[in-house]
Amino acid sequence: MHIMEGYLPGIWSLFWFLVSMPFLLYGMYQVKKVFRDRREALPLLAVAGAFVFVLSSLKLPSITGSCSHPTGTGLAAILFGPAAASILGVIVLLYQALFLAHGGLSTLGANVFSMGIAGPLAAYGIYRAGRRLNLNTYATVFLAAAIADLSTYVVTSLQLALAFPAGAGGVWASFVAFGSIFAITQVPLAILEGVVTGLIFKYIIDLRPDILVRLNVLPAQAVARVKEARA
C-alpha cells in the first residue's frame, strides 16, 4: 500500500504533506499528554506502535508502485485516539522508508494521511459509535480494525486516482481501477486484521483492564460485563 519513493508528482506529494501536518501537530500534543498524564499506559503505547510496525511490514504483491498489507492502526486508534495513532503511523512509515525501502520520503505525507490518519479516524469513529449503541465489544473492535484497514486502501486509491486520472473516465475511472485491484488482496487481509486485533484486545482485557478504564476505552461496568459473558 505504501506509495513508493518518487511515484507521486511533486505537487501531490506537497499537497499530502500539507494536509497531514495539522493532524500530526495535534497528534504530538496528544502523545505528550499520554507521557505527562498516563505514564502507566506507555508500555501499551509501545505495544500499539510495534503492532503497527509488524503488521504494516507484511507486504503482499499488488498493483505496480504499491502493495497490500495489514495496517495495525485500528488498535492504536481505539486505545489512544486517532491523533496519537497518527504519530505512531508516521514513526513507522519513516522507519520503513529509510531502512526497508517500503514507501518513500517524498510520498511520506500521502502514506501518513492514508494509513496514519484516515484509517485511525475510521477506527475511532466506528468504535465510539459501537460503544454508544452498546454493541458487542469484540464485534465493535473487529469492525473498527477491519474498516480502518479498508479505509486506508480506499484513500490510497483516491490519492493515486487524483494523481493519475484515466484518459477515459478521469479520476473516477482511475479510482475504480486502483480500488478493484487492491480489493482482491485487501478484503481478506482486513478481515484477518480485525480478528487479530480482537484477540489482542481480549488479551488486554484479561491482563490490564484497569488501563482500558483509565484511558476511557471501556468503563469498569463494561469490562465486568465482558468478563461475565465469557465466564
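Position 1 is the first residue of the sequence, and the numbers go up from there. Remember, predicted model here, so these are calculated numbers, not experimental data.
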Open item on the list: Any heavy-atom pair between the side chains of H102 and H69 that's under 4.5 Å?
Closed with: yes
- [ ] State plainly whether one hydrophobic cluster holds both I147 and I78, where clusters connect Ile, Leu, Val, Met, Phe, Trp and Tyr through side-chain heavy atoms under 4.5 angstrom apart.
- [x] no
TODO: Quick one: pull up CZ in F113 and CZ in F23 and give me the separation to the nearest 0.5 Å.
DONE: 5.5 Å
- [ ] Determine, using the 4.5 Å side-chain heavy-atom cutoff (strictly less than), whether L58 and L93 are members of one ILVMFWY cluster.
- [x] no
TODO: Taking the side chain as every heavy atom from C-beta outward, state whether L55 and F51 have any atom pair closer than 4.5 Å.
DONE: yes
Task: Beyond-backbone contact of F164 with P9, side-chain heavy atoms, under 4.5 angstrom - done: yes
Task: side chain to side chain contact (heavy atoms under 4.5 Å, CB included) between L24 and Y29, worked out - done: CA-CA 9 Å; L24 296 179; Y29 169 73; over 6 Å; no
Open item on the list: A side-chain contact here means heavy atoms from C-beta on lying under 4.5 Å apart; do Q159 and W16 qualify?
Closed with: yes
Task: F142 reachable from L79 in the ILVMFWY side-chain graph, under 4.5 Å edges - done: no
Open item on the list: Are the side chains of L199 and Y138 in contact, using a 4.5 Å heavy-atom criterion?
Closed with: no
- [ ] Compare every heavy atom of A166 with every heavy atom of S174, then report the nearest pair and how far apart it is.
- [x] CB-N, 3.6 Å
Open item on the list: I'd like to know whether L160 forms a side chain to side chain contact (heavy atoms under 4.5 Å, CB included) with Y7, so could you lay out the CA-CA distance, the side-chain angles of the two residues, the decisive distance to 0.1 Å, and finally the verdict.
Closed with: CA-CA 9 Å; L160 293 172; Y7 193 72; 3.6 Å; yes
- [ ] Mark yes or no for whether Q30, through its side chain, and G81, through its backbone, hold a donor-acceptor pair below 3.5 Å.
- [x] no
Open item on the list: For a quick test of reading the model, state the closest non-hydrogen atom pair linking L105 to F17 and the distance between them.
Closed with: O-CZ, 3.2 Å
Task: Straight-line distance of E40 CD to I211 CD1, nearest 0.5 Å - done: 5.0 Å
Task: Nearest heavy-atom neighbours spanning I87 and G27 - done: CG1-C, 3.4 Å
Task: Close side-chain approach of F175 and V154, heavy atoms under 4.5 Å - done: yes
Task: Separation between CD1 of I200 and CG of L207, rounded to the nearest 0.5 Å - done: 12.5 Å
TODO: Taking all non-hydrogen atoms of both residues into account, name the closest pair between G6 and T107 and its distance.
DONE: N-CG2, 4.3 Å
Task: Same apolar cluster (I L V M F W Y, side chains within < 4.5 Å links), L212/L88 - done: yes
Open item on the list: Is any side-chain heavy atom of L150 closer than 4.5 Å to one of Q186?
Closed with: yes
- [ ] Sorted by first residue and then second, give each side-chain hydrogen bond (donor to acceptor under 3.5 Å, both in side chains) pair with at least one member in residues 83-96; sequence neighbours left out.
- [x] H2-Q96, S56-Q96, S57-Q96
Open item on the list: Within the structure provided, determine whether L215 and V34 are in side-chain contact (heavy-atom separation under 4.5 Å).
Closed with: no
Task: Nearest heavy-atom neighbours spanning G74 and A148 - done: CA-CB, 4.3 Å
Open item on the list: Working to the nearest 0.5 angstrom, can you tell me the gap between L44 CG and R214 CZ?
Closed with: 12.0 Å
Task: Closest non-hydrogen atom pair, E5 against S106 - done: OE2-OG, 2.9 Å
Task: Interatomic distance, L108 atom CG to L8 atom CG [nearest 0.5 angstrom] - done: 11.5 Å
Open item on the list: side chain to side chain contact (heavy atoms under 4.5 Å, CB included), that's the test. Do T137 and K202 meet it? Break it down for me.
Closed with: CA-CA 10 Å; T137 299; K202 174 182 177 298; over 6 Å; no
Got a list of side-chain donor-acceptor pairs under 3.5 Å for residues 114-128, not counting sequence neighbours?
{"unit_1": "S114", "atom_1": "OG", "unit_2": "A110", "atom_2": "O", "d": "3.3"}
{"unit_1": "S114", "atom_1": "OG", "unit_2": "N111", "atom_2": "O", "d": "3.2"}
{"unit_1": "S114", "atom_1": "OG", "unit_2": "T156", "atom_2": "OG1", "d": "3.4"}
{"unit_1": "Y127", "atom_1": "OH", "unit_2": "V217", "atom_2": "O", "d": "2.8"}
{"unit_1": "R128", "atom_1": "NH1", "unit_2": "N216", "atom_2": "O", "d": "3.3"}
{"unit_1": "R128", "atom_1": "NH2", "unit_2": "N216", "atom_2": "O", "d": "2.8"}

- [ ] Establish whether F53 and L192 are linked, either directly or via other cluster members, by ILVMFWY side-chain heavy-atom contacts under 4.5 Å.
- [x] yes
Open item on the list: Nearest 0.5 Å, please: how far is OG1 in T140 from CG in L133?
Closed with: 8.5 Å
